[in-house]
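Worksheet for the structure shown next.
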Protein chains: 2
Amino acid sequence: MQTDLVLRNIAKHIQLTPDEQAYFLALLKPKTLKRKEFLLEEGEVCRYSSFVTKGCLRSYTLNKNGDEHVLAFAPPDWWMADMYSFISQKPGTLFIEAMEPTEVLMLSKADQQQLYSDIPKFERFFRIIVENAFVSSQQRLLDNLSLTAQERFRNFCQKYPSLVTTLPRKQIASYIGVTPEFFSKMMKTV
Amino acid sequence: MQTDLVLRNIAKHIQLTPDEQAYFLALLKPKTLKRKEFLLEEGEVCRYSSFVTKGCLRSYTLNKNGDEHVLAFAPPDWWMADMYSFISQKPGTLFIEAMEPTEVLMLSKADQQQLYSDIPKFERFFRIIVENAFVSSQQRLLDNLSLTAQERFRNFCQKYPSLVTTLPRKQIASYIGVTPEFFSKMMKTV
DNA sequence: GGGAAAAAATAACCTAGGTTAAGAAATTGG
DNA sequence: CCAATTTCTTAACCTAGGTTATTTTTTCCC
């Protein structure tokens, strides 16, 4: 199990003793996903929060016309879940799919709750993670309200430099909120 | 000082002893705002998280063309801050303005940190608050990507029933992401 | 209560981005 | 390495929503 990355991820915000590290690592369930395999589908309850160690995940919804809308990408060192479903433990609306062969470390809702009680520092850790995610979600909202597709694409390039070259363009188009056809038109006009 | 509301707000997620309640309440600074008075302006550091007990706040940005974009409304029982600035203690981009005569209870960043150490339950409380805010921000993002203005307006009516009748229409238009002119056109077509 | 300011409505015209369709290029997995 | 699938591009046409300008209505506050 590839654990360096997740320990360094946590060390950015809280300090753990070796015992605490061992206790935490014992809770993680590793999982390997093939390209296009789903970690979660619409209507399921999201029972795990997953940390990506290799590959890449994306979360998206399918609206009533069958259009996909990408909510987030998770390259290595990112956490991913259907947050609504994970916190409420009710059926969610997101699909979470591997974009390529991907490895994750999964922490169940129950184990996370246990962790909060046993090692309160983890409550701080996840609070900080969610605070940052919230700020970035709000910024993206404002960007969608006030910037052109061109400008949102520039933002995307800065936020996910590693993904710009590796991801299919249609996925990037969906994330910034335009059709692949318009994205293509836009890329000619530079 | 009007403290019932904030104590009930907290009691939704954590249980406090009378001593803890008293300790918490002693940290809050009440403030009264006139209509159109600012609680925070662009470029300032957001030093407080504010709980609304009366009236209503809104947060918005001004883009380079001078257009306002409403990020959030806070009627009574809601918390409001420029989250980016509050967590980083760097200058932010939001304006926070009173829509009408408004009363808030303000908790400083330093006091919040102290509270986390002294009464770890508060770390849980604010984690839960931010989790919910994050989920709702993500849902709004998806709504902006996949719904029409008409549908977003219906969502707004469900989310903030008390504001639909009291707020100027141009503010609602800005929140759902359309111009007041288009909003007006849209309201005729029902 | 009344004058100033803000908000709302209307309408003519404009544009960023969507739709449909069809062919070309790139990936992928057997 | 090759057939199937997916992705990308192009182009003609379309539409949700924006812009500008003017008038009407409402709200505020002295």
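Labels below follow one simple rule: chain letters A, B, ... track the order of the sequence lines, proteins then strands, and each chain is numbered from 1. Since the model is a prediction, treat every value here as computed from it, not as a measurement.
Here dA8(C) presents its P atom at 8 Å from CD1 of Ile172(B), a figure rounded to the nearest Å. Rounded to whole Å, the distance from CE on Met187(B) to P on dA7(C) is 17 Å. Computed from coordinates, the Lys188(A) NZ to dG17(C) C1' distance equals 14 Å when rounded to whole Å. Between the CZ atom of Phe183(B) and the C1' atom of dA7(C) there is a distance of 13 Å, given to the nearest Å. dG17(D) atom C1' lies 11 Å from atom CD1 of Ile176(B), rounded to whole Å. Between the CZ atom of Phe182(A) and the P atom of dG18(C) there is a distance of 7 Å, given to the nearest Å. Atoms NZ (Lys185(A)) and P (dA21(C)) sit 17 Å apart, rounded to a whole Å. As rounded to whole Å, 14 Å separates atom P of dT6(D) from atom CE of Met99(A).
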### Query
Given Arg127(A) and Glu131(A), is the salt bridge (Lys or Arg N to Asp or Glu O under 4.0 Å) satisfied, shown in steps?
CA-CA 6 Å; Arg127(A) 172 181 59 78; Glu131(A) 278 176 358; 2.8 Å; yes
### Trace of the side-chain hydrogen bond (donor to acceptor under 3.5 Å, both in side chains) decision for Ser136(A) with Lys159(A)
CA-CA 10 Å; Ser136(A) 125; Lys159(A) 181 166 176 191; 3.1 Å; yes
### Query
Does the pair Trp79(B) and Phe86(B) meet the rule for a ring pair (Phe, Tyr, Trp, His ring centres under 6.0 Å), with working shown?
CA-CA 13 Å; Trp79(B) 290 88; Phe86(B) 186 68; 9.5 Å; no
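The ring-ring contact (aromatic ring centres under 6.0 Å, His included) test with Tyr175(A) is passed by exactly one of Phe153(A), Phe183(A), Phe73(A), Tyr60(A): Phe73(A).
Distance from the side chain of Ala149(A) is smallest to dG17(C) among dA9(C), dG17(C), dT10(D). When distances run from any side-chain atom of Lys170(A) to the nucleotides dG17(D), dT7(D), dT19(C), the shortest one goes to dT7(D). Nearest to the side chain of Val178(B), among dG17(D), dG18(C), dT10(C), sits dG17(D).
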Could you go through residues 92-110 of chain B and list every donor-acceptor pair under 3.5 Å that involves a side-chain atom there, pairing it with any protein atom two or more places apart or in another chain?
unit_1	atom_1	unit_2	atom_2	d
Glu97(B)	OE1	Arg58(B)	NE	2.9
Glu97(B)	OE1	Arg58(B)	NH2	3.0
Thr102(B)	OG1	Cys56(B)	N	3.0
Thr102(B)	OG1	Cys56(B)	O	3.3
Thr102(B)	OG1	Glu100(B)	O	2.6
Ser108(B)	OG	Asp111(B)	N	3.0
Ser108(B)	OG	Asp111(B)	OD2	3.4
Lys109(B)	NZ	Ile87(B)	O	3.4

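One finds no side-chain N or O of Thr179(A) lying less than 4.0 angstrom from the OP1 or OP2 phosphate oxygen of dG17(C). Phosphate proximity of dG17(C) to Arg152(A): present, with a side-chain N or O under 4.0 Å from OP1 or OP2.
Bending across the helix from dG1(C)-dC30(D) to dG30(C)-dC1(D), expressed as the angle between its end axes from five pairs apiece, amounts to 70° (10° rounding).
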Atom pairs, N/O to N/O, protein against nucleotides 26-29 of chain C, distance under 3.5 Å?
unit_1	atom_1	unit_2	atom_2	d
dG29(C)	OP1	Arg35(A)	NE	2.9

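Within the 4.5 Å cutoff, the side chain of Phe24(B) has no heavy atoms near those of the Phe125(B) side chain. For the pair Leu5(A)/Phe51(A), a side-chain contact is recorded, criterion being any heavy-atom separation below 4.5 Å from C-beta on.
Nucleic acid contact class of Pro168(A) (heavy atoms, under 4.0 Å, all strands): sugar-phosphate only.
With rounding to the nearest 0.5 angstrom, the NE2 atom of His69(B) is 11.0 Å from the CG atom of Asn144(A).
Residue Lys121(B) qualifies as enclosed at atom NZ: its count of foreign heavy atoms under 6.0 Å is above 12.
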